[in-house]
Asker: 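Once you've had a glance at the structure underneath, I'll fire off some questions.
All figures in this text were calculated on a predicted structure; none of them were measured in a lab. Along the sequence shown, residues are numbered consecutively beginning with 1.
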Amino acid sequence: MGYFYINRHEQSNGDHEVHTDGCSHPPNILSRIRLGYFASSNQAVAFAKRQWVNKRINGCYYCCPESHTT
């Protein structure tokens with residue numbers, strides 16, 4: 001189980017990335033929106049997609065590779 005947050009600012013490809021608390025490539029602390037504790041990054045990404053249905057959401061390449069798709 002880990003703590004996850006999403007970057008409020010989109011990446012150059014339009015994705016808003018979900019990160020773990022210990023990510024090696026985190027966004028600025030002021031750009032983070034807390035998601036909470038989840039058993040996996042796939043669960044955190046699914047939760048974020050339900051919260052922001054009009055946004056492209058993806059897992060971070062570095063800390064959430066199992067949910068990184070683009």
Asker: Are His25 and Cys63 packed together at the side-chain level, in the sense that at least one heavy-atom pair is separated by less than 4.5 angstrom?
Answerer: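 In short, these two side chains do not touch, never coming nearer than 4.5 Å.
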
Asker: Could you state the interatomic distance from CG (Asp21) to OH (Tyr3), rounded to the nearest 0.5 Å?
Answerer: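 Rounded to the nearest 0.5 Å, the CG-OH separation comes to 7.5 Å.
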
Asker: Enter the distance from Cys23:SG to Tyr61:OH here, rounded to the nearest 0.5 Å.
Answerer: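 With rounding to 0.5 Å, SG (Cys23) is 12.5 Å from OH (Tyr61).
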
Asker: Report yes if the side chains of Val18 and Phe38 come closer than 4.5 Å at any heavy-atom pair, otherwise no.
Answerer: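 No, side chains not in contact.
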
Asker: To the nearest 0.5 Å, tell me how far Arg50 CZ sits from Ile57 CD1.
Answerer: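 Between Arg50 CZ and Ile57 CD1, I get 10.5 Å after rounding to 0.5 Å.
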
Asker: Looking at side-chain heavy atoms only, is the closest gap between Glu17 and Cys64 below 4.5 Å?
Answerer: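 No. Closest side-chain heavy atoms not under 4.5 Å.
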
Asker: Kindly give the heavy-atom pair with the smallest separation between His16 and Lys55, and that separation in Å.
Answerer: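 For His16 and Lys55, the tightest heavy-atom pair comes out as NE2-CD, 3.6 Å.
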
Asker: Would you please classify the geometry between the His19 ring and the Tyr5 ring as parallel, tilted or perpendicular, with 30° and 60° separating the classes?
Answerer: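 Aromatic pair Tyr5/His19 classed parallel.
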
Asker: I need the Ile6 CD1 to Ile33 CD1 distance, nearest 0.5 Å.
Answerer: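 Going from the CD1 atom of Ile6 to the CD1 atom of Ile33 covers 6.5 Å.
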
Asker: Measuring from Asn28:CG to His9:NE2, what's the distance to the nearest 0.5 Å?
Answerer: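 Between Asn28 CG and His9 NE2, I get 7.5 Å after rounding to 0.5 Å.
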
Asker: Keeping His68 on the side-chain end and Gly59 on the backbone end, is there a donor-acceptor pair under 3.5 Å?
Answerer: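 Yes; at least one donor-acceptor contact below 3.5 Å.
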
Asker: Indicate the atoms forming the closest heavy-atom contact of Ala39 with Gln43, along with that distance.
Answerer: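 Result for this residue pair: N-OE1, 3.1 Å.
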
